[in-house]
Enquirer: 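One structure, as structure tokens, below. Some questions next.
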There are 2 protein chains.
Amino acid sequence: MTIKDIAKLAGVGVSTVSRAINDDPGIALATKKKVLKIVKEYNYIPNNSARNLKMTESNTIALLVRGIDNYFFLEMFGYIQRELESRGYDYLLHAVGEDEDISSIAMELSMEKRLKGLIILGGRMGSKISGLSDLPIPYVLCTVAAKIGQDHPDAATVGIDDEKESAEAVGYLIRSGHKRIAIVAGHEDDPAVGAQRLAGYKRALTENGLEIDESLIGLSKNNIPEFSAENGYQVAKELIQRADFTAIYCISDLMAMGCYKAIAEAGKKIPDDISVIGFDGIDLGRFLHPSLTTMVQPREEMAVSAVELLNELIEENGIKRHITYEAKLLTRDSVRRV
Amino acid sequence: MTIKDIAKLAGVGVSTVSRAINDDPGIALATKKKVLKIVKEYNYIPNNSARNLKMTESNTIALLVRGIDNYFFLEMFGYIQRELESRGYDYLLHAVGEDEDISSIAMELSMEKRLKGLIILGGRMGSKISGLSDLPIPYVLCTVAAKIGQDHPDAATVGIDDEKESAEAVGYLIRSGHKRIAIVAGHEDDPAVGAQRLAGYKRALTENGLEIDESLIGLSKNNIPEFSAENGYQVAKELIQRADFTAIYCISDLMAMGCYKAIAEAGKKIPDDISVIGFDGIDLGRFLHPSLTTMVQPREEMAVSAVELLNELIEENGIKRHITYEAKLLTRDSVRRV
DNA sequence: TTTGTTTACGGAAACGTTTCCAAAGGCAAA
DNA sequence: TTTGCCTTTGGAAACGTTTCCGTAAACAAA
């Protein structure tokens with residue numbers, strides 16, 4: 001069933017059918033109705049490939065996600081998807097492996113599928129961002145450390161200031177009276193989000209006259225997904241063995257979840273023995289016990305903005321903006337005053 | 001940069017370039033090398049739309065997921081993705097909303113994108129399956145209750161016997177000495193997985209001479225995603241208020257997570273006061289405290305089989321098979337002997 | 001040398017759309 | 001009635017591939 005068949009059935013030319021389908025203004029209402037009736041009757045659906053081919057570009061936005069196993073991105077994906085749909089874009093989700101090169105994948109996809117735009121989701125790509133500037137289509141970096149965004153003016157970005165918000169989290173711990181504060185940090189070689197959050201931790205300590213004790217810094221295992229519960233568990237376990245502290249800051253909520261387990265296994269209690277603060281604000285945090293205090297990233301706002309920025313780039317060929325949102329401290333039950 | 005440009009640059013015809021790219025046997029090795037060198041040099045990537053158009057069908061498999069917010073499906077997605085890639089398929093993930101009709105979405109997608117096949121992931125679609133048999137392309141139902149699969153011989157299916165495995169879970173509780181066992185069940189009108197698991201619960205009770213007490217059956221709220229933590233929390237809370245029991249069976253691990261919270265808030269302890277058993281076996285269960293005893297579905301095996309079945313259907317136009325895996329009881333720390 | 005067979009290659013048609021262009025018809029103004 | 005404009009329509013080209021078909025070249029057999 002092609003457009004030709006419909007044209008024949010409706011007794012009109014193919015161009016008329018095309019016009020009817022695409023809400024072209026230059027068609028008489030009566031003709032349009034007649035055609036659409038046939039279309040409906042025969043369940044005709046235009047071939048996307050032919051359409052894309054002719055239009056020389058598709059209507060597709062690709063979503064590149066590194067670390068789809070992270071609940072945070074999953075939630076982001078939900079919002080972005082909704083937003084993309086409401087603007088009439090097609091979309092495609094592509095999960096990027098931990099060790100794959102994001103810019104070459106982006107390049108390949110964009111040529112192969114003649115994408116209209118690209119949203120890149122996920123941290124862990126600081127230095128590798130540069131390759132992206134060769135991309136022939138607009139793209140926006142979402143959830144990438146604000147600092148990094150500013151260093152790359154040729155990319156539109158939306159995210160938070162990871163260092164600042166990280167310092168905020170640790171600041172809250174300090175204001176609550178904690179002096180020995182451990183951190184479950186990211187991979188050692190992570191040039192982006194993880195590093196920023198670690199920097200924020202250090203800054204908060206020094207600004208508050210506390211010393212930085214290397215034994216309190218737990219770097220993630222390189223062979224385990226960076227922000228995962230498993231990683232949080234492993235790192236926290238080591239930390240508990242080798243150091244004393246009254247509070248621990250996890251750079252992701254999932255890590256905090258693993259941390260909970262490590263603490264329980266060590267026979268300690270949250271928050272009585274150890275206070276825990278997380279980062280991200282995923283829904284699951286509510287259901288931990290005690291419920292997790294965390295810095296929540298405005299997921300929905302970021303998602304909306306990401307699509308908006310991309311849309312600007314596509315429609316108006318606008319300038320590349322950088323939007324930085326604030327995270328918000330959500331105090332629940334996992335931190336205690338000392 | 002099109003195939004014509006490459007042909008000109010390489011001093012050959014377009015068909016030769018096409019042959020070189022597609023590993024066609026009818027081309028001299030030297031020519032092939034020469035062409036591929038140019039291809040590489042100019043970073044040429046064939047236009048997917050043109051290719052699909054000409055081939056009259058794409059190489060794309062669509063993954064339809066209902067309930068992508070469920071961690072279980074996310075993990076399945078990971079495995080399926082890997083499997084699809086290794087067989088050289090393109091794939092596309094489409095999240096289906098709670099209230100959308102899966103068969104009309106499937107139909108639309110399959111026409112629009114000229115899909116090669118379809119994998120449908122997720123429960124909650126018992127009765128609505130029938131519309132699918134009109135699909136012009138092969139598809140497999142994954143993670144759909146085995147009973148339902150058998151009722152629909154025109155669909156290939158892979159899953160577990162939800163009723164049986166559910167009875168297994170409850171049986172374990174009974175063997176551990178529990179007599180008053182509550183259930184956090186699915187939506188009342190759920191015709192598929194949820195209903196099967198509830199049926200298994202009832203069967204286990206009666207087979208073991210226990211009475212079915214309606215006050216111990218907690219149906220999910222219809223306005224909350226069926227298998228979510230939030231739902232588990234709400235339902236368990238009500239259950240605790242209105243009835244006495246020593247064990248509770250949650251038809252998903254995420255629900256069990258919500259259940260943990262409700263129990264803690266009620267001032268009770270797991271497993272001392274209430275034992276909890278979940279279903280699915282998602283990774284996160286390990287990190288709950290106490291770690292969650294659950295029935296684990298063989299996610300990886302199911303994913304591999306799903307792709308395999310689909311591949312059979314596509315390649316060999318084979319018959320529609322039904323594969324039923326066994327779930328495995330994973331005993332951890334959330335159930336106590338009484 | 002001639003003939004036949006095989007191998008390698010180029011040209012062109014076709015896939016199903018969208019869109020440009022030309023033309024036909026209707027209608028208002030003259 | 002004639003002229004001209006505007007609306008509506010149909011035909012055909014073009015998008016970038018794959019593949020069929022024909023042919024040239026190379027080689028083997030006679």
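This is a predicted model, so every value here is computed, not measured. Computed from heavy atoms alone, side chains included, the values below leave out hydrogens, waters and symmetry copies.
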Enquirer: Can you sort out which residues in residues 37-49 of chain B have a heavy atom within less than 4.0 Å of DNA chain C? Ascending by number, please.
Expert: none
Enquirer: Indicate the atoms forming the closest heavy-atom contact of Met107(A) with Ile45(B), along with that distance.
Expert: O-CD1, 4.4 Å
Enquirer: Closest approach of Ile119(B) and Cys142(B), non-hydrogen atoms and distance?
Expert: CG2-CB, 4.2 Å
Enquirer: Between Asn52(B) and dC15(C), does any side-chain N or O lie under 4.0 Å from OP1 or OP2?
Expert: no
Enquirer: According to side-chain contact (heavy atoms from CB on, under 4.5 Å), who are the partners of Asn43(A), at least two apart in sequence or on a separate chain?
Expert: none
Enquirer: Please collect all salt bridge (charged side-chain N to carboxylate O under 4.0 Å, His left out) contacts where either partner lies in residues 25-38 of chain B, sequence neighbours excluded, each pair once.
Expert: Asp23(B)-Lys32(B)
Enquirer: Rounded to whole Å, how long is the line connecting atom NZ of Lys8(B) with atom C1' of dG10(C)?
Expert: 14 Å
Enquirer: In whole Å, I'd like the distance from the CE atom of Met55(A) to the C1' atom of dG16(D).
Expert: 16 Å
Enquirer: Classify the side-chain pair Ser110(A)/Tyr139(A) by whether it contains a donor and acceptor separated by less than 3.5 Å.
Expert: no
Enquirer: Round to the nearest Å and state the distance from Met1(A) atom CE to dT17(C) atom P.
Expert: 11 Å
Enquirer: Without decimals, in angstroms, what is the distance between Asp23(A) CG and dT18(C) P?
Expert: 12 Å
Enquirer: Output, in order, the C-alpha distance, side-chain angles, deciding distance and verdict of salt bridge (charged side-chain N to carboxylate O under 4.0 Å, His left out) for Glu226(B) and Arg66(B).
Expert: CA-CA 11 Å; Glu226(B) 188 168 22; Arg66(B) 162 163 280 157; over 6 Å; no
Enquirer: Mark up nucleotides 5-13 of chain D, 5' to 3', with B wherever a protein heavy atom is under 4.0 angstrom from a base atom, S wherever such an atom reaches only the sugar-phosphate, and - elsewhere.
Expert: ---SBBBB-
Enquirer: Under the side-chain contact (heavy atoms from CB on, under 4.5 Å) rule, collect the residues that match up with Glu83(B), sequence neighbours excluded.
Expert: Ser86(B), Val304(B), Val307(B)
Enquirer: For Lys4(B) and dC15(D), what is the distance between atoms NZ and P respectively, to the nearest whole Å?
Expert: 7 Å
Enquirer: When the distance from CG of Leu53(A) to C1' of dG16(D) is rounded to whole Å, what number comes out?
Expert: 5 Å
Enquirer: Taking Ser18(B) as the fixed residue, which of Asn22(B), Ile21(B), Thr16(B) is the one that meets the side chain to side chain contact (heavy atoms under 4.5 Å, CB included) rule?
Expert: Asn22(B)
Enquirer: Parallel, tilted or perpendicular: which describes the rings of Tyr91(A) and His94(B), with under 30° parallel and over 60° perpendicular?
Expert: parallel
Enquirer: Do you know the tightest heavy-atom contact between Ile3(A) and Val14(A)?
Expert: CD1-O, 3.8 Å
Enquirer: Any donor-acceptor pair under 3.5 Å linking the side chain of Asp5(A) with the backbone of Thr2(A)?
Expert: yes
Enquirer: Tell me the interatomic distance from Ile6(A), atom CD1, to dG16(C), atom P, rounded to whole angstroms.
Expert: 13 Å
Enquirer: Are there runs of at least three consecutive Watson-Crick or G-U pairs touching DNA chain D, with each pair's two distances under 3.5 angstrom? Give them by first number.
Expert: C:1-30 with D:1-30
Enquirer: Can you check the Arg51(B) CZ to dC15(C) C1' distance for me, whole Å?
Expert: 15 Å
Enquirer: Remember a base hit wins even if backbone is also touched, and classify Thr2(B) as base, sugar-phosphate or nothing at under 4.0 Å, heavy atoms.
Expert: sugar-phosphate
Enquirer: Between Asp24(A) and Ala50(A), which residue's closest nucleotide on DNA chain C lies nearer the 5′ terminus?
Expert: Ala50(A)
